[in-house]
Structure formats: structure tokens, C-alpha cells
A.B. asks: 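One structure is given below, represented as C-alpha cells, and several questions about it will come after.
By convention in this document, chain letters (A, B, ...) are assigned in the order of the sequence lines, proteins followed by strands, and residues within each chain are numbered from 1. This one's a predicted model, so the numbers in the text were calculated from it and none came from an experiment.
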There are 2 protein chains.
Amino acid sequence: MTRFKLTLEYDGGPYVGWQRQKNGPSVQAALEAAARGFCGEDITVHGAGRTDAGVHALGQVAHIDIPQDRDAATVLDALNHFLIDEPVVVLSAAVVGESFHARFSATGRLYRYRILNRRPRPGTTRGHVWWVPVPLDVKAMNDAAQELIGEHDFTSFRATLCQAKSPVKTIDRLTVRQDGEEVVIEVSARSFLHHQVRNIAGTLALVGKRKWSRQDVADALAARSRASGGPTAPADGLYLVCVDY
Amino acid sequence: MTRFKLTLEYDGGPYVGWQRQKNGPSVQAALEAAARGFCGEDITVHGAGRTDAGVHALGQVAHIDIPQDRDAATVLDALNHFLIDEPVVVLSAAVVGESFHARFSATGRLYRYRILNRRPRPGTTRGHVWWVPVPLDVKAMNDAAQELIGEHDFTSFRATLCQAKSPVKTIDRLTVRQDGEEVVIEVSARSFLHHQVRNIAGTLALVGKRKWSRQDVADALAARSRASGGPTAPADGLYLVCVDY
């Protein structure tokens, strides 16, 4: 048995999310079906993060234990062969030790959130951006974002159904920048609470619309109540960019 | 009656192309249905270029004559309202004189061709790039592209079914550059022959794979025979970026 680290890109649109569920197709199930096609038996694929329905990945990481003696290039090509009809692709495969765990070994995750900030709806980027038609003040968003950097109790930015034991997380980097017609938020942390990035994006959009000030963001964080945080931005604009180990 | 110039973005994936056809949905028909919803009568929409099935637009231009007295903001919002279920969006609308014709008044067109140049298939960009898994020599492609700049008989790069009277066209600019994992070809001319950009992209890819030299491109051009040109690259990677007047 050999453990492989897989780096994955996928379009989250057609899936109920990363995690295998009874109510529809998941990225995990697509990968497990591919592994079954390759290995002829049921094999669990463990992901670094359980992306929500509609959330995309440019560099999700997973690990898989292959019972047969196969090299990394063969695993890569075989999984991609069986994934041919899915918008999921294995970007790389590498042999790792048995102590490697995609989720528990991760030391950092980088998410990107794309807002299409123009009056007309998305045309070619439907399902891949959050459309905000009113002009956003990007500098104000970036300023307010500073309030969220560092170690905080993120209860105000946490889904009420979040199962994490502690609401305390440390945001290492949080930036907001203009990129053509898009406003791009990037945030990195060792790990995140459920909906944390989407709730931060929804809150910073309020700042961008000048409905909230930087102080309002600080107050929302201090309130430690989900009702005090901003709305949850849609899944469409969110990308898991990479996972560090 | 007032004539409006419309600038359009669309995802060409679901359409048989720009032009109204009996065999499936077209961008033109989608816009004409929206105009009918808005004005209550049949109105023809005239486009600057007849993009093929699957070809996208970031800045296609069309004109439309609206019988009622409406301002540009109303036309923009009304058309977008009726286009809500289509991946077609009107980016801007402007009043123009009756002498303006989207196709015949155009003085330049810029197309972009996106090649995803990496071993794994596209994940999040399926249908929006041409996937070429073998490494491309971008510098050689850009060098060879110089052979095609200027006024030439482009018979070797013209679809056999092309209806243009003359195969002579003038390419003003043709560049090939690396952009992350993508190789991006941009080409501008007053007008193009049918499949000209896709045939150029297919030919330059042969150069990128080192199957063809710059001289082979010059020879293909000089042969003035479609059989001498390279293959037609898929529609997925092609974008009509803008039209000048």
C-alpha cells in the first residue's frame, strides 16, 4: 500500500460539495469512483477541506492509499482517465509517507473570493464570480480587512451549524484588490470555520458599499454573535487556491 | 425610431453561434427574443461578426433599431431583464446615427485565443480554453506569427465554406504570450475570413510543438491552399474581445 498526495482542480458548480452525500454528486465520490475504476476496490479519498456546494478549487489537496504497487505518474494518469466526464482533474500526484494526512497535516490554506463589480451581470464567468452591481470602495474594504487579521474568536463569521470545537482562528493574511472588473479577496489561515471566508466576503462587501465602516467590522467581530456579522456571500465566487504542508 | 449600438458579452457554449439558425439556439435569436419582449414586435439585431458555435465574446457589437422613444439606459436594462436566463449580457448601449452599421462600419476586430498548456485537462475552465498537453515553445510561436502580419492572401487559413469575396486580409497585430499556464494569442485586423483565427491558432500550435518551423508557416501562406494550412483549433478557446469603429 502506498499513500499518494493528490493536488486537485475542480469546478464546484455541479457538486453538492467536496464531501460524499446522499443528496447528490460530490467531488469526493467522483474521485472515489475513479479510484474504484483504477484499483478495482473501494478506497476512501481524504480531502484537506470540505468545500461547500458550488465552491471551486484550483489546488485542493487529498490523500489516497493505493493497495497495488503503482508509481505517481500512473496514479495521476489513471485517475484522470476515469474522471474524463467530470470537471475534476488531478494536477499532480506524489508519494508521501503514512503519517501524511491531507486534512490534519495541513499548515495553511489560501482561499480567493472573486467579485464581478460592474453593473451588467456576468456573461462568460457565470457561476464563477459573485456579481455585485454597485461600485465597491476597494480601499475601504482592504482597510477594514485589517481588523480581522490575527487570532480572534470568529463566532460572528461562523455558520451556525459549524462543528468546529473552537471559534478561535488565526488569519495570517487578508487582502482586497482590484483586478480589472473584479474585486479579489485573498485570505490565508491554518484553518477556517464553516462559511468563514464567505461571511468575511459578505461583510467586506457591506464596507465596499459604504453601508459599514471599519469600526462596524471591529464591532461585529467583538460581538461574537453570528447575528452581528455580515451576510454569507454566494459559493460561486469562492476558490480554494492551495493548501500548505 | 432610434438606432442603438450594443456591446455584448456572452458564453458561446450553449449556442449554435451568433447567427440565427434553425438547428438550435443562437445569440442573435436570444437578443431578438429580448427585443421582442421589450418592444412587443419583431426587431432584427445586426452583429459585427458571426461568431461560430462555442465561440465566446467579451465585446461583440450589434445594432438595433428601437421603434419607441427610449433612452440608452432603459434599452440596456430592459434587454438584460429579458436575457436573465441566457449567458448573454448587454454591457453598454449608446444612441448612434442611422448611418452606423455594426458590421459595415467596423474598422477593426480583436480576437483572443486561449490555450491551456499543461498536462492535466482543464478543471474550472472547461469550454473556455483549448487544452494542449504538450509543452509549447511560445517564443517560436510568436516569431512564426510575424510571417502572417500584413496584407496577404489567406486562402490557406480560410474555411473551405468561407463566403468572403476575397481571401486577401490585413493582419495589423498578432502576438503570442505566456500567461501563467495559458498561452494567449491575440490578433487584430479590420476583418477576418471564416475560421481564420482558429486556423492560425491551430497552425501556430504546430510551431509551438516544434512540428513546424517559421518557414513552414511562410510556405503554407504562400501555397494559397487550405490543405497547406494547419488544423482548425477548437471554438472553446476563442473570444471576440472588441470591435473598433
A.B. asks: Taking side chain as everything from C-beta outward and backbone as N, CA, C, O, which of these in B:Ile84 sits under 4.5 Å from a heavy atom of chain A? Side chain, backbone, both or neither.
C.D. replies: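 Backbone plus side chain of B:Ile84, per the 4.5 Å heavy-atom cut-off to chain A.
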A.B. asks: Below 4.5 Å, heavy atoms only, C-beta onward: do B:Arg118 and A:Glu9 meet side chain to side chain?
C.D. replies: yes
A.B. asks: Determine the option with the most heavy-atom pairs under 4.5 angstrom with chain A, choosing from B:Ser92, B:Ala57, B:Pro87.
C.D. replies: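 That would be B:Pro87.
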A.B. asks: Give a yes or no on whether A:Arg210 atom CZ has more than 12 heavy-atom contacts from other residues, nucleotides or ligands under 6.0 Å away.
C.D. replies: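 No.
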A.B. asks: Counting heavy atoms not belonging to B:Glu98, are there more than 12 under 6.0 Å from its CD?
C.D. replies: no
A.B. asks: Which heavy-atom pair separates A:Tyr239 from B:Thr124 by the least distance, and what is that distance?
C.D. replies: CE2-CG2, 4.5 Å
A.B. asks: Once rounded to the nearest 0.5 Å, what's the spacing between atom NE2 of B:His128 and atom OG1 of A:Thr125?
C.D. replies: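 Those atoms lie 8.5 Å apart.
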A.B. asks: Tell me, with the steps shown, if B:Arg119 and A:Asn80 meet side chain to side chain contact (heavy atoms under 4.5 Å, CB included).
C.D. replies: CA-CA 11 Å; B:Arg119 194 169 167 195; A:Asn80 281 334; over 6 Å; no
A.B. asks: Can you confirm whether more than 12 heavy atoms, excluding those of A:Asn23, are under 6.0 Å from its CG atom?
C.D. replies: yes
A.B. asks: What option among A:Leu58, A:Asp77, A:Val88 has the most heavy-atom pairs under 4.5 Å with chain B?
C.D. replies: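 Max contact count across the listed options: A:Asp77.
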A.B. asks: Are the side chain of B:Arg126 and the backbone N or O of A:Asp11 linked by a donor-acceptor pair below 3.5 Å?
C.D. replies: no
A.B. asks: Identify which part of A:Leu83 has an atom lying under 4.5 Å from any heavy atom of chain B, answering side chain, backbone, both or neither.
C.D. replies: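 Both backbone and side chain of A:Leu83 come within 4.5 Å of chain B.
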A.B. asks: Can you see which heavy atom on B:Pro120 is nearest to which on A:Val89, and at what distance?
C.D. replies: CB-CG2, 3.5 Å
